[in-house]
Amino acid sequence: MAEGSALKAMVSFFTVWQQEITQEDMDAMERKFHLAPVVGALLGLAVLIVSAVLVWVDSESIFGSSMFTAIAVLATVFVGSRFLHFDGLADFGDGSVVAGTQEDHVRALKDTLIGAGALGVALTVTLFNFAEYTMAGYLLVIAAPCTEVLVKNAQVAAAAFGIPGHGMAGRQVSETGIRSAEVSSVISLILVLVFAVVGTVVLDDLIFGFDIVFLEDAIFAVVFALIASVVAGYLMARRSNRVFGMVNGDILGATNEISRAVIMAVFVLFYAMVV
């Protein structure tokens with residue numbers, strides 16, 4: 001099936017779990033980019049396990065802290081994705097801050113050297129992520145897996161609203177339209193609802209007496225976070241279309257990392273109001 005080929009290629013391309021893929025698999029990935037949230041769910045599952053174990057350890061006063069858990073979860077994501085999207089974030093930073101014409105922005109985007117823009121943007125986004133993941137505390141067990149699904153949905157939204165470039169992701173962007181974004185959002189909603197339920201059950205089992213937010217509150221949170229992922233993807237595409245005249249693979253990678261900060265901020269703010 002084309003869906004199976006697309007997922008196989010995405011797993012191999014976006015994660016450390018390498019597969020033997022063919023050109024047919026790559027073609028399927030470009031046509032079926034709306035399945036990207038499923039790959040996000042694989043990373044989300046790894047994050048769920050890591051965060052649950054460390055939250056339990058911390059709750060038992062054995063070892064650890066919310067800061068350590070945040071670092072471990074982010075490290076799991078970065079390593080699990082081979083720092084692929086982080087590289088795109090750095091390139092986006094260089095391309096965004098350089099002065100000059102659109103051609104100058106594109107030249108800096110594609111330059112393999114790391115400049116001040118790359119370092120500054122990557123550091124700022126990473127610090128925001130670290131702060132938000134630390135503030136999430138025990139609720140990271142729910143929020144972090146959902147976020148990994150939704151950052152992929154943001155990528156699909158960016159591709160749907162973006163102008164295709166001439167690089168490796170050009171066809172991927174050209175094959176992804178509004179309909180793809182709609183399908184991706186439906187898939188994402190189903191996956192995050194599952195993670196919300198599982199995460200709630202895990203927290204109730206691991207932390208005796210923890211005043212966990214009711215399941216209906218978790219459902220509201222993931223719906224708002226889903227909307228935030230689409231908005232983040234749209235805004236990244238809008239800016240990139242204007243600054244670079246396109247959305248390429250680096251932009252999609254940057255969208256993955258920047259939208260993580262946006263989506264986690266929604267979870268942190270929402271839970272701060274209801275817990």
Side-chain angles (χ1 to χ4, degrees), residues 36-60 64-81 128-155 184-232 256-275:
V38 178
V39 179
L42 294 177
L43 287 171
L45 180 59
V47 164
L48 174 62
I49 294 171
V50 170
S51 59
V53 170
L54 292 179
V55 161
W56 174 79
V57 170
D58 188 24
S59 68
E60 294 294 318
S65 66
S66 59
M67 293 179 62
F68 181 81
T69 302
I71 292 172
V73 169
L74 288 172
T76 300
V77 170
F78 289 146
V79 174
S81 61
F128 265 107
N129 281 321
F130 171 67
E132 291 166 358
Y133 276 56
T134 300
M135 287 188 290
Y138 293 152
L139 293 171
L140 205 61
V141 176
I142 297 174
C146 292
T147 298
E148 290 313 306
V149 173
L150 295 178
V151 294
K152 293 297 184 289
N153 190 54
Q155 281 191 317
S184 173
S185 294
V186 171
I187 294 173
S188 297
L189 179 60
I190 295 171
L191 291 172
V192 294
L193 287 176
V194 171
F195 275 129
V197 173
V198 173
T200 301
V201 172
V202 168
L203 276 181
D204 280 336
D205 287 341
L206 288 181
I207 306 174
F208 179 75
F210 180 73
D211 187 19
I212 183 64
V213 63
F214 292 111
L215 183 57
E216 56 266 28
D217 291 328
I219 292 174
F220 277 118
V222 299
V223 170
F224 278 108
L226 173 65
I227 295 171
S229 72
V230 176
V231 172
N256 191 92
E257 299 307 309
I258 293 174
S259 65
R260 178 179 288 114
V262 174
I263 294 162
M264 183 56 71
V266 172
F267 279 115
V268 171
L269 290 173
F270 190 86
Y271 285 131
M273 292 187 293
V274 300
V275 174

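Being a predicted model, the structure only gives us computed values, none of them experimental. Index from 1, following the sequence. Values below: all heavy atoms of this structure, side chains included; hydrogens, waters and symmetry mates excluded.
Panel note: side chain S65, backbone F68; a donor-acceptor pair is recorded below 3.5 Å.
Counting heavy atoms from C-beta outward, L74 and Y133 have side chains that approach closer than 4.5 Å. V77 places a side-chain heavy atom less than 4.5 Å from the side chain of R260. P145 places none of its side-chain heavy atoms less than 4.5 Å from the side chain of L45.
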Might you work through the side chain to side chain contact (heavy atoms under 4.5 Å, CB included) test for V47 and V141, ending with a clear yes or no?
-> CA-CA 8 Å; V47 164; V141 176; over 6 Å; no
Evaluate side chain to side chain contact (heavy atoms under 4.5 Å, CB included) for M135 paired with F130, printing each intermediate quantity in order.
-> CA-CA 9 Å; M135 287 188 290; F130 171 67; over 6 Å; no
Test log, rule side chain to side chain contact (heavy atoms under 4.5 Å, CB included), inputs F267 and L139 | CA-CA 9 Å; F267 279 115; L139 293 171; over 6 Å; no
Verify side chain to side chain contact (heavy atoms under 4.5 Å, CB included) between V38 and K152, making sure each step is shown before the conclusion.
-> CA-CA 8 Å; V38 178; K152 293 297 184 289; over 6 Å; no
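Across all non-hydrogen atoms, the minimal contact from I142 to A196 is CG2-CA, 4.1 Å. Shortest non-hydrogen contact noted between C146 and V192 is SG-O, 3.5 Å. The minimum heavy-atom distance between F270 and A221, with the atom names listed, is CD2-CB, 3.5 Å. Nearest approach of L226 to S188, heavy atoms of both residues: CD1-CB, 4.0 Å. A136 and M264 get closest at one heavy-atom pair: CB-SD, 4.4 Å. Looking at every heavy atom in both residues, A228 comes nearest to V266 through CB-CG2, 3.7 Å.
Once rounded to the nearest 0.5 Å, the distance linking CG of N129 with CD1 of I263 reads 10.0 Å. Expressed to the nearest 0.5 Å, how far CG of L150 lies from CZ of F195 amounts to 10.5 Å. The OG atom of S51 lies 12.0 Å from the CG atom of D58; values are rounded to the nearest 0.5 Å. To the nearest 0.5 Å, atom OG1 of residue T134 and atom CE of residue M67 are 5.5 Å apart. Rounding to the nearest 0.5 Å places OG of S66 at 11.5 Å from CG of L54.
A 6.0 Å sphere centred on CZ of F128 holds no more than 12 heavy atoms belonging to other residues, nucleotides or ligands. The local environment of CZ in F224 is sparse, with at most 12 non-hydrogen atoms from other residues, nucleotides or ligands closer than 6.0 Å.
Sorted by first then second residue, the side chain to side chain donor-acceptor pair (under 3.5 Å) pairs that include residues 68-80, not counting sequence neighbours, number zero. Applying the side chain to side chain donor-acceptor pair (under 3.5 Å) definition to pairs two or more places apart or across chains, those involving residues 220-232 are N153-S229.
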